[in-house]
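Comments concern the structure below.
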Amino acid sequence: MRRTEPGRGPVGHGPVRYGPPLPDQGLPLLPELTAVLSAAAGRPDAVPLGGSPALLDAACGYWDRRGLPTTPDRVVAAPGAPALLLALTAAIGGDVLLPRPCAAWWEPEARALGRSVFHVPTPAECGGVPDSYALLETVRRIRDEGGDPRLLVLCVADDPTATVAPPELVHETVEAAAGEGLHLVSDETWRDTLHDPHDPVLLSPAEMLPDRVTVVTDLAGPFLPPGWPAAVARFPADGIGGGLRDRVLDVLTALGARVATPVAAAAAYALDEPGPVSERLAAAVRLHARLAAAAHRAVIAAGALALPPRAGRHLYVDLAPLRPALTAHGVGDAQELEDFLTTRLGLPAPGGHRFGDDLGALRFRLSTGLFLGTADEERAQALAAPDPLELPHVESALTLFRAALEDLR
């Protein structure tokens, strides 16, 4: 996304430096998390590369509770998921396959290493997981052209589409990837933000193919603010996993990519999931689910398209049915749509091209945290309100969004 300087208009369209961050919670910090971080701020010792024992143990407990038994020698921590994916891509080698669309930060990691990146279409009902037949066709085409596909990154609970891939689709794709000898990285940053924890069912690829899947979770998804970067990776248990973990640690060491001591303490506390953390997460998920559903209703009422949001704090909107009106405003592609909506709404609206989507498509990601207001008091009110949609500042933001879409009909 473009940057705005004081007293000046937006500048630049760089795909990385101005790219959109993860949608954050937009909520006041949890006091218990702040207390843990503050208590550790006076410690002069550095966290070891790869994570402190307390952080690794907490990550093991986190995955154990989700049906993925883990031991500390299979875990690595880093200051954010981008550092982990960069290290994994360097360690695995070869060409990288990504679903289209995908998280905005995936492709730059591979490009920075000089790796070729190939996008694979996703099925109509969800994003994050490539269609299995399209995956096989893409792999064979790459090899026919002399390429070396080795890594597939996928996301069952997806950014940017906010969908959750059904287990049968995950199974088909994982089987296809395994048959082609690919290593899978499953980005599970959003697995704890399902709007309904019982429907749909979330199945981790690591449950299906434990010897070829590395799981990555950025704690900015469920637990921490984005300014406290921390992420954890879970490696396969066999010999391949051990060697891969060692190579990833080598890359992280070369980068000096260690989690800051206070952040590591907060991350370990959050991963243990004490009462305050679990309660805040549940409340935040309920709030953003209400906001996402309201925004989705506005999109459909205006004649635009969007899959129903089922996870995360965002939704992915396709304004193709409104193209004639957008053309009249000089909007013909995703970058022009991003500029137009950011100005019209006064809110960031990153275009689909940021997520590896077709530049000519009129798609954008909308973060629901943008409806919560700008002051901590307003955000706290939304978190505590029985019906946050009735709060004046939330209602006003949603009304502006609805009106902007209706004007394009």
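Computation of the quantities below employed the complete heavy-atom set of this structure, encompassing side-chain atoms and omitting hydrogens, waters and symmetry-equivalent molecules.
Looking at heavy atoms from C-beta onward, Leu362 lies in side-chain contact with Leu326 at the 4.5 angstrom threshold. Proximity of Glu207 to Leu68: side-chain heavy atoms (C-beta onward) are separated by under 4.5 Å at one or more points. In this structure the side chain of Phe401 never reaches within 4.5 angstrom of the side chain of Leu347, judged on heavy atoms. Put simply, the side chain of Glu32 does not reach to within 4.5 Å of the side chain of Arg280, judged on heavy atoms. Between Pro276 and Leu33, the closest side-chain pair of non-hydrogen atoms is not below 4.5 Å. With contacts defined as side-chain heavy-atom distances shorter than 4.5 Å, the pair Trp106/Val185 does not qualify. Counting heavy atoms from C-beta outward, Asp159 and Arg365 have side chains that approach closer than 4.5 Å. The shortest side-chain heavy-atom distance between Cys126 and Pro166 falls under the 4.5 Å cut-off.
A donor-acceptor pair shorter than 3.5 Å can be found between the side chains of Thr70 and Arg234. Between the side chains of Tyr316 and Asp357, at least one donor N or O sits under 3.5 Å from an acceptor N or O.
With hydrogens and angles ignored, the 3.5 Å screen pairs a side-chain donor or acceptor of His288 with a backbone N or O of Gln25. A donor-acceptor pair is defined here as one N or O able to donate and one able to accept, closer than 3.5 Å; such a pair exists between the side chain of Arg409 and the backbone of Ala301. Here the side chain of Thr399 pairs a donor or acceptor atom with the backbone of Glu395 at under 3.5 angstrom. Proximity of a side-chain donor or acceptor of Arg379 to a complementary backbone N or O of Leu372 within less than 3.5 Å is not detected. Put simply, the side chain of Asp272 never gets that close to the backbone of Pro274: no donor and acceptor are under 3.5 Å apart. At distances below 3.5 Å, not a single donor-acceptor pair connects side-chain atoms of Arg115 with backbone N or O atoms of Ala110. Remark: the backbone N or O of Leu203 is not paired with any side-chain donor or acceptor of Arg191 at under 3.5 angstrom. Counting only distance, with no hydrogens or angles, the side chain of Ser116 and the backbone of Asp95 share no donor-acceptor pair below 3.5 Å. Of the possible polar contacts, none joining the Asp333 side chain to the Leu359 backbone as a donor-acceptor pair under 3.5 Å is found. Judged by distance alone, with hydrogens and angles left aside, the side-chain atoms of Ser367 form no donor-acceptor pair with the main-chain N or O of Leu370 at under 3.5 Å.
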Could you walk me through whether Thr138 and Ile142 pass side-chain contact (heavy atoms from CB on, under 4.5 Å), step by step? CA-CA 6 Å; Thr138 303; Ile142 295 169; 3.8 Å; yes
Could you walk me through whether Glu109 and Leu88 pass side-chain contact (heavy atoms from CB on, under 4.5 Å), step by step? CA-CA 10 Å; Glu109 305 300 312; Leu88 279 161; over 6 Å; no
Assess the residue pair Val129 and Thr122 against the criterion (side-chain contact (heavy atoms from CB on, under 4.5 Å)); give the C-alpha distance rounded to whole Å, side-chain angles, the decisive distance to 0.1 Å, and a yes or no. CA-CA 6 Å; Val129 176; Thr122 54; 5.9 Å; no
Applying side-chain contact (heavy atoms from CB on, under 4.5 Å), run through Leu291 and Leu389 and close with a yes or a no. CA-CA 7 Å; Leu291 297 171; Leu389 303 185; 4.0 Å; yes
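Separating the OG1 atom in Thr173 from the CD atom in Glu168 is a distance of 10.5 Å, to the nearest 0.5 Å. From Leu405, atom CG reaches atom CZ of Arg402 across 10.0 Å, with rounding to the nearest 0.5 Å. If you take CZ on Phe364 and CD on Gln335, they are separated by 14.0 Å, rounding to the nearest 0.5 Å. Atom CG of Leu315 and atom CG of Leu307 lie 10.0 Å apart (nearest 0.5 Å). Rounding to the nearest 0.5 angstrom, the gap separating the CZ atom in Phe223 from the CG atom in Leu30 is 11.0 Å. Of the inter-residue distances, the one linking Leu337 atom CG with His353 atom NE2 reads 9.5 Å to the nearest 0.5 angstrom.
Of the listed residues (Val139, Leu151, Val174), just one forms a side chain to side chain contact (heavy atoms under 4.5 Å, CB included) with Leu182, and that residue is Val139.
Of the charged side-chain nitrogens involved, at least one lies within less than 4.0 Å of a carboxylate oxygen, so that Arg140 and Glu180 count as a salt-bridged pair. Under the 4.0 Å criterion applied to side-chain N and carboxylate O atoms, Asp387 and Arg290 are assigned as salt-bridge partners. A salt bridge is defined here as a Lys NZ or Arg NE, NH1 or NH2 lying under 4.0 Å from an Asp or Glu carboxylate O, and Glu338 with Arg354 meets this definition. Salt-bridge annotation for Arg245 and Asp73: absent, with no side-chain N of the basic residue lying under 4.0 Å from a carboxylate O of the acidic one.
Taking both residues in full, the closest heavy atoms of His195 and Ala292 are given as CE1-CB, 3.9 Å, listed atom of the first, atom of the second, then distance. In plain terms, the two heavy atoms of Ala361 and Arg323 that are nearest each other are CA-NH2, 4.3 Å. In plain terms, the two heavy atoms of Asp64 and Pro69 that are nearest each other are OD1-CA, 3.1 Å. Counting all heavy atoms, side chain and backbone alike, Ala306 lies closest to His296 at O-NE2, 2.9 Å. What you find for Trp190 and Pro23 is that their closest heavy atoms are CH2-O, 3.4 Å. When all heavy atoms of Ala177 and Leu184 are compared, the closest pair comes out as CB-CD1, 3.6 Å.
Applying the 6.0 Å contact sphere to CD of Glu137 captures no more than 12 heavy atoms from other residues, nucleotides or ligands. Counting heavy atoms of neighbouring residues, nucleotides and ligands inside a 6.0 Å radius, atom NE2 of His171 does not exceed 12 of them.
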